[in-house]
Amino acid sequence: MTLRLYDTLTRTVRPFEPLRPGHAGVYTCGPTVQARPHVGHVRSAIALDVLHRWLRESGYQVVFVRNVTDVDDKIIHDAAHAGEPWWALGTRMERAFTWAYDAVQCLPPDATPRVSSSIPSITALIERIIERGHAYASDGDVYLSVRTVEGYGALSGQDPDQLRASDKEVAHGQTGQKRDALDFALWKAAKEGEPSWPSPWGPGRPGWHIECSAMAVDHLGEEFDLHAGGLDLVFPHHENEVAQSRCAGHPFARHWLHHGLVTVAGGSGEKMSKSLGNSTTVEDVLERVRPQVLRYALGAGHYRSQLEWSGQALSDAESAYGRIETFVRNATEAATGVEPGEPQASWPDFAAALDDDLGVPQALAAVHSGVRAGNALLAARDLPALAATLQVVRRMLTVLALDPVSQWPAAGGGELAPVVDALVQIAVEARADARARKDWARADEVRDRLNASGIVLEDTPDGVRWRLA
RNA sequence: GGCCGGGUGGCCGAGUGGCUUAGGCAAGGGCCUGCAAAGCCCUGUACGCGGGUUCGAUUCCCGCCCCGGCCUCCA
């Protein structure tokens with residue numbers, strides 16, 4: 001079975017057919033580094049990280065590119081307000097994004113181009129578009145002439161005539177130097193106090209859409225395999241990328257993949273976004289739960305569906321992931337060093353689920369059924385089968401970046417873990433003595449006091465185990 | 001107004017023209033345990049509303065209601 005992915009352009013799930021077999025060039029629109037990352041940003045990264053990891057697991061040589069938009073109206077505005085240079089704000093926020101992506105175990109992209117470092121490619125691309133008769137300079141601005149683009153609107157399903165009839169230009173009164181209301185800026189003439197770069201049309205800075213067309217081609221070539229991003233970028237951003245690139249004579253992306261947005265539970269039910277003032281930052285969430293729980297909460301649903309963010313979603317994730325962790329921990333203890341026998345977890349089920357448009361929910365069902373089978377093997381002391389099952393389950397978890405052993409730090413303790421363990425052992429021995437005397441009241445008292453300190457005891461066939469609650 | 005996507009059992013969340021059940025969480029019952037914890041087994045009979053097609057629809061078609069995304073910066 002080969003990988004099939006939903007393609008926004010054709011609105012169907014169809015085979016992923018890269019230009020060069022065995023190679024996958026993926027471009028995704030990264031963040032505008034204006035403010036700290038919120039849960040929605042990380043959901044995006046996690047969804048695409050699963051794609052990234054699954055491509056690699058499937059044997060593709062992947063080049064994964066995620067840009068950083070560091071030249072932008074809002075960054076310039078906010079930085080000016082804060083009295084700092086635009087690049088200082090951008091750099092600081094870019095670090096915050098990198099930290100958040102790392103925190104939830106997203107693989108680093110192979111390239112993270114910045115707009116500010118891509119100006120020469122951008123101006124060269126604009127020149128090319130002008131030469132080919134699809135853009136025009138006007139008072140230091142450059143606009144793309146949308147009416148010259150055949151098939152404009154195909155990606156987003158927009159009809160140019162309908163767009164024209166909309167009131168967007170009227171509302172924004174920005175018809176300015178444009179020949180046609182639909183035209184959009186490739187280059188904006190410099191304004192007082194704003195960053196600018198030299199260009200054939202005078203000093204200025206790039207428009208929003210052109211940067212991605214330029215950076216994608218820089219790193220992946222004029223035609224590449226897959227372009228991804230949030231559903232909110234389909235129009236106008238991606239539509240305009242297609243238009244520009246086609247105007248430059250580039251075939252551009254062969255497959256378009258868009259993920260769903262995070263909405264806010266309760267009152268509004270709207271999309272989470274900085275501008276709506278309803279966002280929850282990643283930092284805030286990670287003060288309450290471990291990053292692997294956040295990863296599970298954001299990654300367990302299908303990438304295209306809308307995800308409603310709530311405290312409930314987080315605690316559900318905590319329980320569900322806890323079950324997986326418990327199994328891996330128990331099984332690892334019991335099966336370490338055991339020669340693996342026949343696994344009772346189905347890697348083919350897992351692989352088929354991911355091959356079918358990254359069906360993570362189905363894939364997790366395969367994980368959970370492996371966990372259930374594994375727990376039964378553990379109870380039956382069938383260690384060889386358990387060892388094999390654990391291997392398969394962990395291989396699945398690794399693809400989803402949810403393996404408790406290799407991908408996430410053990411909970412709590414750190415350097416103090418051996419010390420705590422020694423202290424707990426004293427209590428455990430005291431309890432064992434009491435139990436030997438059948439002094440259940442005393443035994444329970446020891447256990448209760450440990451419980452009160454957040455330490456849970458479990459009696460197993462291999463002895464007493466303790467863990468943090 | 002235009003263009004999209006969605007409404008599934010207590011909750012989250014897959015999927016399908018009928019077959020054998022998604023999966024998880026929560027709940028109830030049982031097993032295990034001195035009691036617990038962890039775990040295993042069993043139970044729930046769902047598919048927004050109204051029509052239509054069909055031997056049969058949650059799944060296809062039409063209409064309606066509701067929710068969300070885009071049309072403006074946005075993952």
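Just so we're on the same page: letters track the sequence lines, and every chain starts at 1.
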Given atom CZ of A:Arg465 and atom C1' of B:A37, what is their separation to the nearest angstrom? 10 Å
Which value, in whole Å, describes the distance between the C1' atoms of nucleotides B:G13 and B:G7? 13 Å
For atom P, what is the distance between B:C25 and B:A38, given to the nearest Å? 11 Å
Once salt bridge (charged side-chain N to carboxylate O under 4.0 Å, His left out) is applied, do any residues pair with A:Arg449, and if so which ones, sequence neighbours excluded? A:Glu445
For A:Gly153, which contact category applies under a 4.0 Å heavy-atom criterion: base, sugar-phosphate, or nothing? nothing
Rounded distance in Å between the C1' positions of B:C60 and B:G28: 39 Å
Which atom pairs link the protein and nucleotides 28-36 of chain B when you take only N or O atoms and keep those under 3.5 Å?
| residue | atom | partner | partner atom | Å |
| --- | --- | --- | --- | --- |
| B:G34 | N7 | A:Arg435 | NH2 | 3.4 |
| B:G34 | O6 | A:Arg435 | NE | 3.3 |
| B:G34 | N1 | A:Asp444 | OD1 | 2.9 |
| B:G34 | N2 | A:Asp444 | OD1 | 3.4 |
| B:G34 | N2 | A:Asp444 | OD2 | 2.7 |
| B:C35 | O2 | A:Arg447 | NH2 | 2.6 |
| B:C35 | N3 | A:Arg447 | NH1 | 2.9 |
| B:C35 | N3 | A:Arg447 | NH2 | 3.3 |
| B:C35 | N4 | A:Asp459 | OD2 | 3.3 |
| B:A36 | N6 | A:Asp459 | OD2 | 3.3 |
| B:A36 | N1 | A:Asp459 | N | 3.3 |
| B:A36 | N1 | A:Asp459 | OD2 | 3.2 |
| B:A36 | N3 | A:Arg447 | NH1 | 2.8 |

Looking across every strand, which nucleic acid part, if any, lies under 4.0 Å from A:Gly40 by heavy atom: base, sugar-phosphate, or nothing? base
Do A:Asp357 and A:Arg4 sit within salt-bridge range, that is, some charged N less than 4.0 Å from a carboxylate O? no
For RNA chain B, the expected dot-bracket line (Watson-Crick or G-U under 3.5 Å, [ ] crossing, | inter-strand) is (((((((..(((.....[....))).(((((.......)))))....(((((..]....))))))))))))....
RNA chain B contacts among residues 298-307 of chain A, heavy-atom distance under 4.0 Å: A:His302, A:Ser305, A:Gln306
Looking for any heavy atom pair under 4.0 Å, which part of the strands does A:His259 touch: base, sugar-phosphate only, or nothing? base
Protein-nucleotide distance (A:Asn278, atom CG; B:A75, atom P), rounded to Å: 14 Å
Check step by step if side chain to side chain contact (heavy atoms under 4.5 Å, CB included) holds for A:Val293 and A:Leu314. CA-CA 7 Å; A:Val293 170; A:Leu314 254 193; 4.2 Å; yes
Verify the neighbour count for atom CZ of A:Arg36: are there more than 12 heavy atoms of other residues, nucleotides or ligands below 6.0 Å? no
Separation of the C1' atoms in B:U59 and B:U16, to the nearest angstrom: 6 Å
To the nearest Å, how far apart are A:Tyr152 OH and B:C3 C1'? 13 Å
With heavy atoms under 4.0 Å as the rule, sort A:Ala313 into base, sugar-phosphate or nothing. nothing
Tell me if the CZ atom of A:Arg288 is crowded by more than 12 foreign heavy atoms within 6.0 Å. no
In terms of heavy-atom contacts, does CZ of A:Arg95 have more than 12 from other residues, nucleotides or ligands at under 6.0 Å? no
The correct set of residues in residues 381-399 of chain A placing a heavy atom under 4.0 Å from RNA chain B is none
Please answer whether the main-chain N or O of A:Thr389 pairs with a side-chain N or O of A:Gln344 as donor and acceptor at a distance below 3.5 Å. no
Could you tell me whether A:Leu233 contacts a base, only the sugar-phosphate backbone, or nothing, with contacts defined as non-hydrogen atoms closer than 4.0 Å? sugar-phosphate
Just call it for A:Ser273: base, sugar-phosphate, or nothing, with non-hydrogen atoms closer than 4.0 Å on any strand. base
Can you tell me how far P in B:A26 sits from the matching atom in B:C67, rounded to whole Å? 32 Å
Span that lies between the P atom of B:G63 and that of B:G2, in whole angstrom: 13 Å
Select base, sugar-phosphate, or nothing to describe what A:Thr32 touches, counting heavy atoms under 4.0 Å on all strands. sugar-phosphate
Give the C-alpha distance, both sets of side-chain angles, the deciding distance and a yes or no for salt bridge (Lys or Arg N to Asp or Glu O under 4.0 Å) between A:Arg179 and A:Asp183. CA-CA 7 Å; A:Arg179 291 180 191 162; A:Asp183 295 352; over 6 Å; no
Could I get the full list of salt bridge (charged side-chain N to carboxylate O under 4.0 Å, His left out) partners for A:Lys74, not counting sequence neighbours? none
Base, sugar-phosphate or nothing for A:Val456? Non-hydrogen atoms, less than 4.0 Å. sugar-phosphate
Quick one: salt bridge (charged side-chain N to carboxylate O under 4.0 Å, His left out) partners of A:Glu94, sequence neighbours excluded? A:Arg114
When the C1' atoms of B:C66 and B:C49 are considered, how many whole Å apart are they? 10 Å
Could you state the atom-to-atom distance from CD of A:Glu270 to C1' of B:G69 in whole Å? 11 Å
Pairwise C1' distance for B:C35 and B:A46, with rounding to whole Å: 38 Å
Enumerate, atom names and distances included, each donor-acceptor pair closer than 3.5 Å involving a side-chain atom of residues 454-469 of chain A, sequence neighbours excluded.
| residue | atom | partner | partner atom | Å |
| --- | --- | --- | --- | --- |
| A:Glu458 | OE1 | A:Arg465 | NE | 3.3 |
| A:Glu458 | OE1 | A:Arg465 | NH2 | 3.3 |
| A:Glu458 | OE2 | A:Arg467 | NE | 2.5 |
| A:Glu458 | OE2 | A:Arg467 | NH2 | 3.3 |
| A:Asp459 | OD1 | A:Arg431 | NH1 | 3.2 |
| A:Asp459 | OD2 | A:Arg431 | NH2 | 2.9 |
| A:Thr460 | OG1 | A:Asp462 | N | 3.0 |
| A:Thr460 | OG1 | A:Gly463 | N | 3.3 |
| A:Thr460 | OG1 | A:Gly463 | O | 2.7 |
| A:Asp462 | OD1 | A:Arg381 | NH2 | 2.8 |
| A:Asp462 | OD2 | A:Arg381 | NH2 | 3.2 |
| A:Arg465 | NE | A:Asn330 | OD1 | 3.4 |
| A:Arg465 | NH1 | A:Asn330 | OD1 | 3.3 |
| A:Arg465 | NH1 | A:Glu333 | OE1 | 2.8 |
| A:Arg465 | NH2 | A:Asn330 | OD1 | 3.1 |
| A:Trp466 | NE1 | A:Asp421 | OD1 | 2.6 |

Using atom types as modelled, flag every donor-acceptor pair under 3.5 Å from a side chain in residues 25-35 of chain A to any protein atom, sequence neighbours excluded.
| residue | atom | partner | partner atom | Å |
| --- | --- | --- | --- | --- |
| A:Tyr27 | OH | A:Asn67 | OD1 | 3.4 |
| A:Gln34 | NE2 | A:Asp78 | OD2 | 3.0 |

Base, sugar-phosphate alone, or nothing: which one does A:Val262 contact when heavy atoms must sit under 4.0 Å apart? base
N/O-N/O pairs, protein side and nucleotides 7-10 of chain B side, under 3.5 Å:
none

Atom-to-atom span, NE2 of A:His237 to P of B:A75 - whole angstrom: 9 Å
Just the table, please: protein N/O against nucleotides 39-43 of chain B N/O, every pair under 3.5 Å.
| residue | atom | partner | partner atom | Å |
| --- | --- | --- | --- | --- |
| B:G39 | O3' | A:Asn375 | ND2 | 3.0 |
| B:C40 | OP1 | A:Arg323 | NH2 | 3.2 |
| B:C40 | OP1 | A:Asn375 | ND2 | 3.3 |
| B:C40 | OP2 | A:Arg323 | NH1 | 3.3 |

Can you sort out which residues in residues 358-369 of chain A have a heavy atom within less than 4.0 Å of RNA chain B? Ascending by number, please. A:Pro361, A:Gln362, A:Ala365, A:His368
